[in-house]
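Scope of the values below: all heavy atoms of this structure, side chains included, with no hydrogens, waters or symmetry mates. Quick note on labels: first sequence line is chain A, next is B, and so on, each numbered from 1. Keep in mind that this is a model prediction, so the values were computed, not measured.
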Amino acid sequence: MTRMSDLLRIENLHLEFRTFDGVAKVLAGVNLTMRRGDVLGLVGETGCGKSMTALAIPGLIPMPPGVITEGRILFEGENLLDKSRDEMQRFRARKLGMIFQDPTTNLSPVYTIREQLIDAVLYQRMDAKRVPGRWKGWLPSARQTRLDAERRAVELMALVGIPDGDKRIAEYPHQFSGGMRQRVLIAMALAGEPDLLIADEPTTALDVTIQAQILRLIASLVKQLGLSVLLITHNLGVVAQTCQRVAVMYAGRVIENAPVRELFRYPQHPYTQGLLRAVPTTRVRRGELEGIPGTIPNLVTPPSGCRFHPRCAHVMDVCRTVVPPGFIREADHVIYCHLYAETP
Amino acid sequence: MAETVHPLAPPRPARFENLRRGLYRFRRNPLSMIGLILLIFILIIAITAPYIVPFPEDAAGRVRATARLTPPNETFYFGTDHVGRDIFSRVLMGTGLALQVGVVIIVLATSIGVTVGAVAGYFGGWVDDLLMRITDIFLTVPALILAIAVTAALGKGITNVMIGISLVWWPGFARLTRSLVLSLREEPFVEAARGIGAGSLRVLFRHILPNALSPIIVKMSTDFGFAVLNAAALGFIGLGAQPPTPEWGAMINDGRAYFPQRWWVATFPGMAIFIVVFSWNLLGDGLRDLLDPRARR
Amino acid sequence: MNERLLLEVRGLKKYYPVRGGLFNRRVGAFRAVDDVSFSVPRGKTLGLVGESGSGKTTIGKCAIRLIAPTGGAILFDGEDITHLNERDLRRRRRDMQMIYQSPAASLNGRMTVGEIIGEPLWLHERLRGAKRRDRVIELLRLVGLKPEHYYRFPHEFSGGQQQRIGIARALAVKPRLLVLDEPTSALDVSVQAQVLNLLHDLQQEFGLSYLFISHDLGVVRYLCDQVALLYLGKVVEVADVETIFTAPKHPYTQALISAIPEPDPEGGREQIILKGDLNLRAPKRGCPFAPRCHAAKLDRCEADAPPLREVERGHQVACHLYP
């Protein structure tokens with residue numbers, strides 16, 4: 001089943017959160033495939049499960065209250081859900097890099113960039129237990145390790161486009177601007193030379209002009225290092241400009257998965273179509289914008305069948321009862337919607 | 001601004017919903033449940049003590065010369081003191097007094113503290129400086145010593161103990177309230193209230209203080225036990241309720257001369273204080289979970 | 001005084017003291033807003049656009065006197081409200097209302113929806129009881145909510161619905177000007193479109209004037225008639241919305257528009273990638289944008305700050321390239 005070229009394959013992933021209100025079915029059968037070198041955009045609105053999908057890969061879902069009830073996450077053919085804690089820690093250090101939305105809270109304000117980058121380099125290069133602490137700096141062996149790590153840290157800073165890395169490494173996070181802090185975090189994520197970079201809304205907290213810089217950086221890293229990137233965002237514009245493939249999520253499921261040009265030119269799922277009509281762009285004039293009626297469903301009592309059916313203009317009887325399977329239109333364009341059941 | 005129920009609108013489900021959620025979290029915390037059960041038990045004792053204790057007249061100072069310093073037995077469960085009074089009866093009869101003292105101290109301290117803190121935090125500037133420096137003056141002197149001094153100056157007696165302790169207790173509430181008001185003042189909903197034309201008093205009392213209530217209630221709960229403890233301390237050195245009132249602090253003092261050979265005289269009132277302080281603290285922790293707005297949802 | 005204009009802001013300044021040294025002395029001033037002038041025509045929408053640190057929210061709050069400006073004049077309907085005292089200002093508040101960026105934080109979580117929307121009715125019209133309740137329910141319908149929401153608390157609503165509650169509260173006193181501070185930036189796209197359309201319809205129905213603050217040029221294009229672009233507390237370009245998007249003149253405007261990622265993988269527009277970051281400590285002399293500017297640099301750019309000049313009818317630019 002698993003093709004050799006698949007880097008990451010998520011199969012039928014089900015995730016629940018057990019809360020006071022009941023069991024929230026946060027993910028209900030997520031399917032996703034990434035090949036090496038892919039830049040995959042995972043888009044959707046608040047609560048659609050895009051961030052939870054991203055956190056499930058490195059095993060960072062808080063459990064409890066989270067429970068994965070079904071499914072597999074295959075990375076290079078191995079099921080990550082079967083791995084032990086230690087194995088996952090090693091996996092995260094060597095194969096995976098992650099960056100998040102808020103570059104401020106992900107850096108400690110009391111340490112210099114040097115300390116934090118060296119830590120990242122050391123942790124990702126060797127077993128965490130052998131990392132020499134700062135206080136051991138006077139030991140000749142540890143000193144050499146730290147000097148090597150610092151050299152690597154400066155290299156990484158150059159890689160992510162921070163000028164004067166050798167000087168700025170001594171500064172504290174608050175001396176960096178938002179865009180520069182995000183670059184530092186990218187550098188930390190790249191320290192272990194990962195195969196996969198998971199970027200969860202990496203530019204949402206940044207200004208547009210800075211966003212453009214960071215997106216361009218990510219694109220150049222993909223080319224330079226052969227990275228694969230899973231880019232989670234709510235911004236369709238960012239996806240269109242950065243990704244090769246897109247998976248659209250709604251209420252815990254992927255509802256459409258296609259190459260980026262295909263999706264924007266021929267959106268098929270009614271939700272995708274609605275989403276694209278709802279985005280105000282610099283080309284839309286007054287009165288041309290349409291919202292999608294209704295609100296995002298409650299995940300404790302989600303709608304039966306297709307979870308989008310209460311908001312869908314093309315709803316049929318079958319939508320209310322049967323979860324739509326994936327229908328293939330053209331090469332690589334999968335739509336999870338009953339409208340496409342019989343179309344040849 | 002009375003609300004009448006509109007035929008179109010269902011009764012307010014939300015307040016009950018919040019309460020239900022709170023109770024759910026509260027019940028999941030066994031320690032706070034123990035605290036609550038103990039306090040209900042203590043309250044029942046306080047109310048019913050005169051009817052259930054074997055020798056209610058011992059609280060009024062009856063002397064039993066033949067049974068002085070009897071160890072605990074079937075008649076006197078906790079033994080008797082140096083004039084032959086039943087310690088069990090006196091400890092239970094003292095519960096009501098201890099709770100009254102706690103209530104008065106906490107209510108007085110909260111009223112003064114919250115008012116001072118809210119005014120200082122909301123109006124800022126020189127008002128803040130003035131009020132907070134006054135608060136600091138109270139905080140520079142160790143609380144118990146100040147309370148002793150105030151009470152001694154006012155004269156012995158349980159009323160003066162309550163006044164004395166309240167006067168040293170309010171600065172804590174003032175500081176807490178001020179910090180809460182300072183952070184709430186910057187919230188958008190407070191700016192929105194000013195934006196629709198609400199005046200200072202309305203903003204402070206209708207918008208800021210209701211949102212500051214939870215931590216204040218938690219502090220009231222945890223402080224209650226310590227207020228009882230401090231009142232007992234003043235009773236111990238003879239400033240509080242005068243004999244023969246069954247005040248726990250004074251009772252421990254009675255037993256001081258006979259400790260440790262006749263341990264029961266001081267131990268049982270001490271246990272009573274311990275249980276009261278302990279249960280209020282447990283309850284306070286539970287309330288923190290119950291009222292914390294961040295945990296809501 | 002111009003009859004067409006509802007709000008006129010002239011030379012608005014807002015400085016914040018910078019403290020430092022021993023005893024927290026005042027050592028300087030941070031110029032959050034520096035000599036900004038603009039106007040909102042009756043029944044129209046002016047967009048104030050800028051990135052973080054541009055001072056756009058501060059300007060919005062100064063314009064309706066939620067914070068006191070350091071200098072300049074604010075004219076509302078021809079009346080100078082810059083120095084209005086607290087009492088008169090409170091009465092004036094019913095004409096100028098604000099919608100906030102974070103809908104949840106702008107509603108008092110301890111009050112029901114009915115109390116929140118009813119409060120301004122009490123404050124300005126002394127309405128109470130059944131009369132007030134009927135008006136609140138009318139307002140709930142107006143913004144697309146239901147009468148049964150009356151006794152609910154804000155946290156029971158989704159972000160879009162919370163923003164509708166905020167809009168209903170603002171509309172309760174029948175204002176003439178609404179300051180919209182990024183009203184949809186916290187909302188999802190499908191909901192954002194609903195709220196934008198609601199704002200559009202309300203403007204048509206009641207002839208409201210909007211001061212629309214945003215960093216999202218797509219939203220600005222959708223809702224605004226005129227646009228003023230801000231950079232580090234100064235206006236760099238003003239024009240009607242069509243001109244801004246089709247023929248922007250200031251290099252910053254050009255870069256900003258080009259940096260928006262369009263949801264169209266084939267609409268390849270050449271992106272201008274600006275150098276460096278927004279540096280809040282702008283150069284003491286010269287054009288504040290000069291250090292990041294990609295356009296040909298003139299000697300004057302670093303020497304003196306370009307004033308805002310009308311280069312075409314209704315199109316003002318602050319740049320030495322357009323003398």
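- Considering only heavy-atom pairs separated by less than 4.5 Å from chain C, the leading option among A:Ala240, A:Gly44, A:Gly179 is A:Ala240.
- At a 4.5 Å heavy-atom cutoff, A:Val239 makes no contact with chain C through either its backbone or its side chain.
- Nearest approach of C:Glu262 to A:Gln241, heavy atoms of both residues: O-NE2, 2.9 Å.
- Within the model, atoms CG of A:Asn235 and CD1 of C:Ile260 stand 10.5 Å from one another, a figure rounded to the nearest 0.5 Å.
- By the 6.0 Å contact criterion, NZ on C:Lys44 is open, its count of non-hydrogen atoms from other residues, nucleotides or ligands being 12 or less.
- A:Asp207 contributes a side-chain N or O that, together with a main-chain N or O of C:Ser52, makes up a donor-acceptor pair within less than 3.5 Å.
- Neither the backbone nor the side chain of A:Pro163 comes within contact range of chain C, judged by heavy atoms closer than 4.5 Å.
- If you measure heavy-atom distances from C:Ile272 to chain A, you find no contacts under 4.5 Å at all.
- For chain A, the option among C:Leu217, C:Val219, C:Val220, C:Val191 with the highest count of heavy-atom pairs below 4.5 Å is C:Val219.
- With a threshold of 4.5 angstrom between heavy atoms, A:Thr46 approaches chain C through its backbone and through its side chain.
- Among the candidates C:Gly159, C:Ala255, C:Ala193, the residue making the largest number of heavy-atom pairs closer than 4.5 Å to chain A is C:Ala193.
- Of all non-hydrogen atoms in C:Pro263 and A:Phe264, the two that sit nearest each other are O-CD2, 3.2 Å.
- Interface residue C:Ile273: only side-chain heavy atoms are found under 4.5 Å from chain A.
- The choice from A:Val208, A:Thr242, A:Val238, A:Leu236 that makes the most heavy-atom pairs within less than 4.5 Å of chain C is A:Val208.
- Looking at A:Leu206, neither its backbone nor its side chain comes within 4.5 Å of chain C, counting heavy atoms on both sides.
- In this structure the side chain of A:Pro280 reaches within 4.5 angstrom of the side chain of C:Leu196, judged on heavy atoms.
- Side-chain contact check for A:Arg265 versus C:Asp264: every heavy-atom pair is 4.5 Å or farther apart.
- Contacts between A:Arg261 and chain C at a heavy-atom distance below 4.5 Å involve backbone atoms as well as side-chain atoms.
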Give the C-alpha distance, both sets of side-chain angles, the deciding distance and a yes or no for side chain to side chain contact (heavy atoms under 4.5 Å, CB included) between C:Val189 and A:Glu45. CA-CA 7 Å; C:Val189 262; A:Glu45 299 182 286; 4.0 Å; yes
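- The nearest pair of heavy atoms linking A:Ile210 to C:Arg292 is CD1-NH2, 3.9 Å.
- Closest of all the heavy-atom pairs between C:Gln194 and A:Ile292 is NE2-O, 2.5 Å.
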